[in-house]
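Numbered from 1 within each chain, the chains take letters A, B, ... in sequence-line order.
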2 protein chains.
Amino acid sequence: MAREMIRQGGRSARIQQAVHAATQALLAEVGRAAINVPMIAERAGVTPSTVYRRWGDLAQLLADVAAERLRPVADPEDTGSLEGDLRAFVLQYAEEMSSKVGRGLMRDVLAETGSDAAASRCCSYTSAHLETIRARALGRGEAGFDIDAAVDILIAPICYHILFSDRDPTPEYVLSLLARFRALTGESPVRAIHRKKSARVA
Amino acid sequence: MAREMIRQGGRSARIQQAVHAATQALLAEVGRAAINVPMIAERAGVTPSTVYRRWGDLAQLLADVAAERLRPVADPEDTGSLEGDLRAFVLQYAEEMSSKVGRGLMRDVLAETGSDAAASRCCSYTSAHLETIRARALGRGEAGFDIDAAVDILIAPICYHILFSDRDPTPEYVLSLLARFRALTGESPVRAIHRKKSARVA
DNA sequence: CGCCTTAATGCAATTTATTTGCGTTAACGG
DNA sequence: CCGTTAACGCAAATAAATTGCATTAAGGCG
């Protein structure tokens with residue numbers, strides 16, 4: 001009856017796929033600066049109004065596409081030890097994100113004005129990977145680690161330097177972050193003291 | 001002769017000031033989502049084409065205005081000790097940046113597509129404050145600290161959580177970051193191993 | 001399977017934003 | 001004070017975004 005809600009199958013899904021594909025293709029061909037909605041719509045074989053109605057504007061479409069591209073395709077590499085897994089993951093993370101396209105994706109994800117959906121998705125991808133690595137370590141009988149601390153000490157600095165482009169996260173720098181994380185682990189780790197994001201008043 | 005370059009005085013400066021003021025006023029009145037270039041131009045008493053020619057587009061204008069607003073108006077508070085100065089500064093930083101407007105400014109700064117000018121400016125404001133605090137500490141005969149490490153451990157996590165909006169940087173959380181920073185200071189601090197951002201090839 | 005409801009789309013008209021050419025104003029260096 | 005030209009205003013032209021209405025096709029139900 002009145003409970004139709006969102007449609008997901010058939011044409012709707014095909015169009016979403018076509019628009020995503022067209023956007024990615026154009027991003028690669030002409031670059032983010034020279035892209036616009038009518039261009040994407042034409043390439044995808046739909047009318048611009050369809051894109052505007054489904055995504056709102058270019059920024060939200062780009063954020064959606066970027067979040068999709070940042071979705072991991074595989075679990076982090078299993079090197080046989082927590083130490084190795086963490087190093088491999090963070091080194092790869094830094095390399096991918098500091099590339100031209102990685103930085104572009106990151107900025108598109110954050111530029112979304114309407115909601116934080118895309119940014120939250122990316123954030124949880126990273127956490128999920130770290131949790132996978134921790135679960136794997138625990139399965140081996142190794143000690144685990146604090147995911148939140150890993151995000152703070154390893155991931156956050158990398159993102160900061162990429163976004164504000166004051167420094168380049170070289171492998172040496174990433175290794176130094178790992179050394180710092182190791183130095184803090186085993187002592188009294190800083191616990192996660194914060195509310196989960198709720199209604200922010202001001 | 002051929003060395004006229006950019007004009008800075010008189011009308012040009014007045015217009016820049018008027019446009020900045022109009023943008024800030026409209027941001028406060030109608031919000032970032034409902035703003036556009038013609039609206040700003042009318043409020044500032046100039047034609048839209050002037051704004052487009054000087055700033056390029058709305059995103060770059062907003063980035064410029066946001067960077068301007070994020071420019072510190074005063075030195076960080078002098079509490080009498082490095083410990084207190086650092087705590088006061090980071091607590092205030094987290095509070096200002098995590099507010100609705102602070103988060104908006106941060107995103108506007110990062111949304112700038114053309115260059116990283118605005119982002120770099122903001123970044124250097126923070127470093128400058130930390131340097132002020134360090135110089136003050138050294139003047140008192142206290143030990144200094146590594147600015148880069150402070151950015152990595154104190155500032156970066158706060159920015160990360162604000163931008164990706166997965167957590168709220170509460171005062172308790174900020175204090176825990178300060179505790180972590182203290183734990184690392186005095187031991188073998190991680191040195192700044194990275195090149196300054198140069199030509200990135202890929 | 002066929003019918004019904006309605007979300008999602010296409011199309012076209014309208015509105016709004018952006019770009020551009022050209023004449024005018026005024027900053028800056030003699 | 002004068003000349004040069006960057007920066008601006010104005011208005012026309014182009015392009016993008018919005019919107020009303022007709023059409024298509026998901027998904028639920030008998």
Side-chain angles (χ1 to χ4, degrees), chain A residues 1-23 26-27 29-65 68 108 111-115 117, chain B residues 1-23 26-27 29-65 68 108 111-115 117:
Chain A
M1 296 302 158
R3 291 293 95 78
E4 287 289 341
M5 304 320 289
I6 305 166
R7 301 191 173 175
Q8 26 188 312
R11 183 168 69 163
S12 210
R14 271 199 308 279
I15 285 180
Q16 149 139 6
Q17 201 279 326
V19 170
H20 272 226
T23 304
L26 285 170
L27 278 174
E29 289 174 24
V30 305
R32 192 174 44 149
I35 224 172
N36 55 35
V37 172
M39 197 181 294
I40 294 170
E42 189 187 15
R43 173 70 82 99
V46 300
T47 62
S49 62
T50 294
V51 175
Y52 286 120
R53 274 196 262 252
R54 279 190 61 159
W55 281 277
D57 58 15
L58 180 61
Q60 284 180 259
L61 171 57
L62 288 178
D64 187 34
V65 171
E68 186 63 26
D108 285 343
E112 189 189 30
T113 51
S115 76
Chain B
M1 297 303 155
R3 290 292 97 77
E4 287 289 340
M5 305 319 289
I6 304 167
R7 302 194 173 175
Q8 25 188 312
R11 181 168 70 163
S12 211
R14 271 198 309 280
I15 285 181
Q16 149 140 7
Q17 202 277 328
V19 170
H20 272 226
T23 304
L26 286 170
L27 278 175
E29 289 175 25
V30 305
R32 190 176 44 150
I35 223 172
N36 55 36
V37 172
M39 198 182 295
I40 294 170
E42 189 187 14
R43 173 71 81 100
V46 301
T47 62
S49 63
T50 294
V51 175
Y52 286 118
R53 274 197 258 252
R54 279 191 61 159
W55 282 276
D57 60 14
L58 179 61
Q60 284 179 261
L61 170 57
L62 289 177
D64 187 35
V65 170
E68 186 63 27
D108 285 342
E112 189 189 29
T113 51
S115 76

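In this structure, Glu42(B) places its CD atom 11 Å from P of dA17(C), rounding to the nearest Å. We find that CH2 of Trp55(B) is positioned 12 Å from P of dA7(D), with the value rounded to whole Å. One can place CD of Gln16(B) at 16 Å from C1' of dA27(C), the figure rounded to the nearest angstrom. Taking atom CD1 on Ile35(B) and atom C1' on dA17(C), their separation rounds to 15 Å, with Å as the unit. Nucleotide dA17(C) holds its C1' atom 15 Å from the CG atom of Leu61(B), rounded to whole Å. Atoms CZ (Arg53(B)) and P (dT19(C)) sit 11 Å apart, rounded to a whole Å. The CD1-C1' distance, from Ile40(B) to dT16(C), rounds to 15 Å in whole Å. Between Asn36(B) atom CG and dA17(C) atom P the separation is 4 Å, expressed in whole Å.
Residue-to-nucleotide proximity on DNA chain C shows that, of Pro38(B) and Arg14(B), the 5′-proximal contact is made by Pro38(B). Toward the 5′ end of DNA chain C lies the nearest nucleotide of Ile15(A), the other residue of the pair Ile15(A) and Asp57(B) mapping further downstream.
Side-chain N or O atoms of Asp57(B) include one that pairs as donor or acceptor with a backbone N or O of Gln60(B) at under 3.5 Å.
For the pair Gln16(B) and Glu68(B), the minimum side-chain heavy-atom distance is 4.5 Å or more. No side-chain heavy atom of Asp64(A) sits less than 4.5 Å from a side-chain heavy atom of Glu112(A). With a 4.5 Å cut-off on side-chain heavy atoms, Arg54(A) and Ile15(A) count as touching.
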Assess the residue pair Arg11(A) and Arg14(A) against the criterion (side chain to side chain contact (heavy atoms under 4.5 Å, CB included)); give the C-alpha distance rounded to whole Å, side-chain angles, the decisive distance to 0.1 Å, and a yes or no. CA-CA 5 Å; Arg11(A) 183 168 69 163; Arg14(A) 271 199 308 279; 3.6 Å; yes
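Across dT20(C), dG10(C), dT25(C), the shortest atom-to-atom separation from the side chain of Arg11(B) is found for dT25(C). When each of dC8(D), dA16(D), dT9(C) is scored by its nearest atom to the side-chain atoms of Ser12(B), the top-ranked nucleotide is dC8(D). Closest to the side chain of Thr50(B), from the set dG10(C), dC8(D), dA27(C), is dC8(D). Checking dC8(D), dC10(D), dC11(C) against every side-chain atom of Thr47(B), the shortest atom distance belongs to dC10(D). Listed candidates were dA27(C), dA12(C), dG9(D). Nearest to the side chain of Ser49(A) is dA12(C).
Considering only side-chain N and O atoms, Arg54(A) lies under 4.0 angstrom from the phosphate OP1 or OP2 of dT9(C).
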